[in-house]
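Below is one structure, written out as C-alpha cells, with a few remarks after it.
Side chains included, hydrogens not; waters and symmetry mates left out as well; all remaining heavy atoms used. Just so you know, ligand 1 is whichever comes first in the structure, and atom 1 is the first atom listed for that ligand.
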Amino acid sequence: MRIDLHTHSRASDGTDSPAELVRAAARAGLDVLAITDHDTAAGWPDAQAVADEVGVTLVPGMEISTHHRGRSVHLLAYLPDPTYPPLADELARVLDGRAARVPRMVTRLNGLGIDITEDDVRRASAGAVASGRPHVADALVTLGVVADRSEAFDRYLAWGRPAHVDRYAVPLETAIRAVAGAGGVSVIAHPWGRGGLGRPDEQTLVGLQEIGLAGIEVDHQDHDLETRDVLRSMARDLGLVATGASDYHGVGKADHELGCNTTDPAELERLLAAAAEASARSGRPTPRLTSGRATGTA
Ligand SMILES: [Zn+2]
Ligand SMILES: [Zn+2]
C-alpha cells in the first residue's frame, strides 16, 4: 500500500487541477492520497469525485500557514470540518492576507524596474482560490525576468529579498486547537525544512501535543537522512505519528514527484484513529473518506 499525505493542486499553488492530481496519483501507483492545498478545502469535491472513479482513497486535508516564536510553520490538517467557524475564520484571514500581498509585491517589483502588473499575476493564478507568491513567481517566469520559481524566490520574493512582503499567518497553537475543534488532526509539515519549526525540541512538541498535535512529517525532501532519523526517533519517543509525503506541486516544484516519500500504513491507521477520536470529541462530522476500491467502484 503506497500512501502520499501531502500534495498540492491548482486550488493553491500546484499546477494540476484537483481532478488531474488524483489521476496522476493513480498513475503513480498510489493507493492513498491526501490533497493538502494551502489554507483551503476548495479542491476537495473535484478530487473526491475522481478518487471514486479511479479507486484512490482520498484523505481531505489542507496545509495551514501558521507562525510560532517568530518562525513560519506549515501545519498539515487532516479531515477537519472546514465549515467549523473558528477554523473557517482563520483560513479566510490567511487568504485575505495573501490576496492583499500581491499588489504590494507588484509595487515593490515595479520599484526595482520590473515591468509586471497585477493582471500578469491574475493570469498566472487562474483556478486558484487566492493569488500568492508562487503566482507572482510564475508571472516573473512568463515575463522572462527569471528562469523558474526558485530563481524568483531567491532573487526577489523570499524573506529578506527586495520584493518580500509579510502577511497574516495563524498562531500555531490557535491553528492546532481550531483543527481539533473541527474534528481533525494536525501534523507539522517538514518541521526541519523551509517553512518549518526549526530543530524541534521535545519540550515544545509535548506542549503542542497536549493541545492536539498528532504527528510530524518525517520523510520529506527538505530533510536529509540524518534529520529523518532524528525526527523518527523523536516521534517514537513522544508517541507522535510519523508521516512521509512528496509535497507534490505538479511542475511547480522540482524533485517532489508523487510518492517520492510515503507514509507507513500503520502510521496512517494511527492518524485516522486520532481523527476519529477528535471527531467524536468535537461532535463535528468527519469529511467522507473516499475509497473507490472499498466501495467496489474501481
Ligand atoms: Zn509547506
Ligand atoms: Zn506543501
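Checking Glu63 against the Zn ion (ligand 1), an N/O/S atom falls under the 2.8 Å cut-off. Residue His38 does not count as close to the Zn ion (ligand 2), with no N, O or S atom under 2.8 Å. For the Zn ion (ligand 2), the N/O/S atoms of His6 include one lying under 2.8 Å.
Residue-level check: among N/O/S atoms of His74, ND1 sits closest to the Zn ion (ligand 1).
Seen from the Zn ion (ligand 2), atom NE2 on His8 and atom OD1 on Asp247 lie at an angle near 90° (rounded to 10 degrees).
Between His220 and His74, the ring centre distance reaches or exceeds 6.0 Å. The distance between the ring centers of His223 and His190 does not fall below 6.0 angstrom.
Under the 6.0 Å distance and 45° angle rule, Arg93 counts as a cation-pi partner of Tyr168.
Aromatic ring pairs are classed by plane angle as parallel below 30°, tilted from 30° to 60° and perpendicular above 60°; the pair Trp159 and His164 is perpendicular.
Counting heavy atoms of neighbouring residues, nucleotides and ligands inside a 6.0 Å radius, atom CG of Asp119 exceeds 12 of them.
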